[in-house]
Amino acid sequence: MRIDLHTHSDRSDGTDPPAELVRRAHEQGVDVLGLTDHDTAEGWQEAADAARRTGVTLVRGIEVSCRFGGYGVHLLAYLPDPTYPPLVAELQRVLDGRNARLPATLERLRRLGIDIDVDDVRAVAGETAAMGRPHVADALVALGVVRDRNAAFGRFLGPQGPAYVHRYAAELEAMICTVAEAGGVTVVAHPWASRHDHSALDERGLARLKAAGLSGIEVDHHDHPTGTRERLRELARRLELVVTGSSDHHGTGKPGHELGSLTTAPEQLERLLDLASAASASSGRRTPEVLQRSTAS
Ligand SMILES: [Zn+2]
Ligand SMILES: [Zn+2]
């Protein structure tokens, strides 16, 4: 059983429409797919229809941009009621913040002598709900300024880069609670990825998040070297957190993250789904089901 719980469609910064993502997952032998676009549930319906057709089991999620101890942290929210008003409001705030950031980023790039405007970004952004830095990076690639997305982040768009603009992100512990109130469960995405500062996410920080209601940690991620994964796995065991693994697939936007290339163990998924059922029951919200072609098999 291949379980990939963290992927992106073109409703955020992936390159495949949701239905195509599900179709590809099926083709690559992925049995359980998590669709987790950044800060939006917009791709859920299309992905759900495709999942029903192909027999891929779909776990609907959102990767929420949060802040903790002054640093950016990505939070995977699985199976919340996407209509829960506080969740809708907070996601809108995050999306608004990203939309306001784009013109400021482009202005900085122009001051650096790069001839780029919003149409260049729109041309590479597809159907996304919010154009963000990955799309600016793709535009820089298309304009021949840099070789790939990584180079764009390294030279211009990363936190140390000359075109970096700070933006609004949800407060992490509050978001963990909001997702729980919406009947969902949360997993910290790639907590120790080398491109993020993770000093806030040490054992004490993660214990605090667990106390706030966090269910799991994404341990097996391409941005975690092997030694890091082993240390995180041990930490998850001590804190009794669910361990997930996933590709963080972005289509052709991010090479080396093929669908199903990293996976979650079936018993860990089961733990996560049990916690989700409990959260759903105690929230009283109408949460999305885990879609399966046939529950009898
Ligand atoms: Zn992420
Ligand atoms: Zn992601």
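For ligands, and for the atoms within them, numbers begin at 1 and follow the listed sequence. Just so you know, these numbers come straight off a predicted model, no measurement behind them.
Counting only distance, with no hydrogens or angles, the side chain of R98 and the backbone of G132 share no donor-acceptor pair below 3.5 Å. Of the possible donor and acceptor atoms, none in the side chain of T263 sits under 3.5 Å from a partner among the backbone N and O of G260. Proximity of a side-chain donor or acceptor of D4 to a complementary backbone N or O of S247 within less than 3.5 Å is detected.
At most 12 heavy atoms of other shown residues, nucleotides or ligands fall within 6.0 angstrom of atom CZ in R208.
For H190, the N, O or S atom with the smallest separation from the Zn ion (ligand 1) is NE2. Among the heteroatoms counted here (N, O or S) of E63, OE1 is the one nearest to the Zn ion (ligand 2). Taking the Zn ion (ligand 1) as reference, the nearest N/O/S atom within H74 carries the name ND1.
Across D16, T36, T40, D37, a single residue satisfies side chain to side chain donor-acceptor pair (under 3.5 Å) together with S9, and that is D37.
Seen from the Zn ion (ligand 2), atom NE2 of H8 and atom OD1 of D248 lie 90° apart in angle, a value rounded to 10°.
Among the atoms of H250, none of the N, O or S atoms falls under 2.8 Å from the Zn ion (ligand 2).
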